[in-house]
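Quick notes on the structure that follows.
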Amino acid sequence: MNIARDPKTMAKSLRADLTSHGYDLTHSQCLEIVAHQLGYDDWNTASAKSGRSQKLQLPEDWFVAGSAPHDYHAGIDPNRRDNAATIYAKRDGRQIVGFATLMQSFDASAYLGNRVRLSADISCADTDGFATIWMRVDGVDRGGIRFDNTLSRDRNGPLSGTQGWTQRVIDLDVPEDAEKIAFGFMLEGKGQCWCRGFQIDVVDNAVPVTSDKPAQLQSPSNLDFAPKEQSA
């Protein structure tokens, strides 16, 4: 059986079926019924979000990655005028296990030996997982020598549910042996997120780094699994 996915087509079919059974509803009333059937509060919300099924245009120099990019759409949001990019989960009945990120990677040469700040505004709607920005510094022979995605924070961490524009900041060191810096924003789970205003700046070394990942060990350590000493 083919089921029409377009809400307007569904509303027309519903009205025709109801008319054949002696019920006289307007097209607007049928649109509201269809919106409720699709899980929206009203037709205006359904209309705005149903238009997201179109293929999004990727911003120049950005690409989509992640553990489950096939479960998401990502790119420039054509419904906004604030130069925001978006990621949202596909509604095709599949359970989403994983995340998608809209990201880019660039040469770290200009930032070697500096502490670098990534900042951006992020918002989300109906997210049952999380949305966040992230940054990673990769070495010549190894990736992820510095990394932060805000997930381990007690404050100013990832967003979930529905939240308006919120700034998030990441501060990481770029060691002298770094090769690339990668960054972006990501969504895990259902819903949608938006991001805008990415900025990368060099900050003073007095600014604390935000990552809880320790620097690379210079030699083997704690081979007998001694517990971490508790601070007084």
Side-chain angles (χ1 to χ4, degrees), residues 58-69 72 74-77 82-88 98-125 127 129-140 142-189 191-217:
L58 286 176
E60 185 177 2
D61 299 326
W62 294 76
F63 61 95
V64 182
S67 61
Y72 298 85
I76 299 170
D77 191 335
D82 54 3
N83 294 326
T86 186
I87 304 172
Y88 67 90
F99 69 93
T101 178
L102 189 59
M103 63 170 290
Q104 65 174 256
S105 179
F106 63 95
D107 192 317
S109 298
Y111 297 92
L112 298 181
N114 290 300
R115 187 158 295 175
V116 173
R117 166 169 293 177
L118 173 72
S119 60
D121 294 329
I122 189 167
S123 64
C124 64
T127 301
F130 64 82
T132 185
I133 67 171
W134 62 272
M135 180 165 63
R136 187 185 70 233
V137 181
D138 294 332
V140 176
R142 51 197 165 88
I145 57 178
R146 300 290 188 276
F147 178 73
D148 186 11
N149 60 9
T150 81
L151 295 185
S152 62
R153 300 183 188 179
D154 294 328
R155 298 179 58 189
N156 300 322
L159 277 61
S160 62
T162 298
Q163 298 190 45
W165 287 115
T166 306
Q167 187 183 61
R168 286 293 179 262
V169 173
I170 291 174
D171 295 309
L172 292 180
D173 287 329
V174 182
E176 293 291 348
D177 62 344
E179 181 182 34
K180 294 181 179 180
I181 299 174
F183 71 96
F185 70 106
M186 60 187 287
L187 174 67
E188 181 178 271
Q192 184 171 14
C193 69
W194 295 265
C195 205
R196 67 183 185 188
F198 270 109
Q199 187 168 327
I200 295 181
D201 302 291
V202 174
V203 297
D204 191 277
N205 285 342
V207 175
V209 295
T210 55
S211 173
D212 60 357
K213 181 177 180 179
Q216 189 76 14
L217 293 173

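Every value quoted in this text rests on a predicted model; they were computed, and no experiment measured them.
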Find out whether Q104 and F183 are in side-chain contact, i.e. whether some heavy atom of one side chain is under 4.5 Å from a heavy atom of the other.
-> yes
Under the side chain to side chain contact (heavy atoms under 4.5 Å, CB included) rule, what do L102 and T86 come out as? Steps first, then yes or no, please.
-> CA-CA 8 Å; L102 189 59; T86 186; over 6 Å; no
Any side-chain heavy atom of R115 within less than 4.5 Å of one from V203?
-> yes
Using the side chain to side chain contact (heavy atoms under 4.5 Å, CB included) rule, pick out the option among N149, T210, I122 that qualifies with R168.
-> I122
Mind checking whether V174 and R146 have side chains closer than 4.5 Å, heavy atoms only?
-> no
Could I get the full list of side-chain contact (heavy atoms from CB on, under 4.5 Å) partners for N83, not counting sequence neighbours?
-> none
Look up atom CD1 in I145 and atom CG in D138, then write down how far apart they are to the nearest 0.5 Å.
-> 7.5 Å
Audit row: T127, L187, side chain to side chain contact (heavy atoms under 4.5 Å, CB included) steps and yes/no = CA-CA 8 Å; T127 301; L187 174 67; 3.6 Å; yes
Which residues satisfy the ring pair (Phe, Tyr, Trp, His ring centres under 6.0 Å) test with Y111, sequence neighbours excluded?
-> F106
What's the shortest heavy-atom distance between G164 and L159, and which atoms?
-> O-CD2, 4.3 Å
Does the ring center of W62 lie less than 6.0 Å from the ring center of F198?
-> yes
With the side chain counted from C-beta on, respond yes when M135 and D148 share a heavy-atom pair under 4.5 Å apart, and no when they do not.
-> no
Who pairs with D201 by side-chain contact (heavy atoms from CB on, under 4.5 Å), at least two apart in sequence or on another chain?
-> Q199
Between S67 and F99, is there a donor-acceptor pair closer than 3.5 Å when you use the side chain of the first and the backbone of the second?
-> yes
State whether the side chain of N114 and the backbone N or O of V116 hold a donor-acceptor pair below 3.5 Å, judged by distance alone.
-> no
Gap separating the CG atom of D77 from the CZ atom of R196, nearest 0.5 angstrom | 12.0 Å
Please walk me through it: do V169 and N156 pass side chain to side chain contact (heavy atoms under 4.5 Å, CB included)?
-> CA-CA 8 Å; V169 173; N156 300 322; over 6 Å; no
Could you go through the side chain to side chain contact (heavy atoms under 4.5 Å, CB included) check for F185 and W194 one step at a time?
-> CA-CA 9 Å; F185 70 106; W194 295 265; over 6 Å; no
Hey, is the main chain of A182 close enough, under 3.5 Å, to the side chain of R136 for a donor-acceptor pair?
-> no
For a side chain to side chain contact (heavy atoms under 4.5 Å, CB included) with R117, tell me which candidate from I200, D204, V207, V202 qualifies.
-> V207
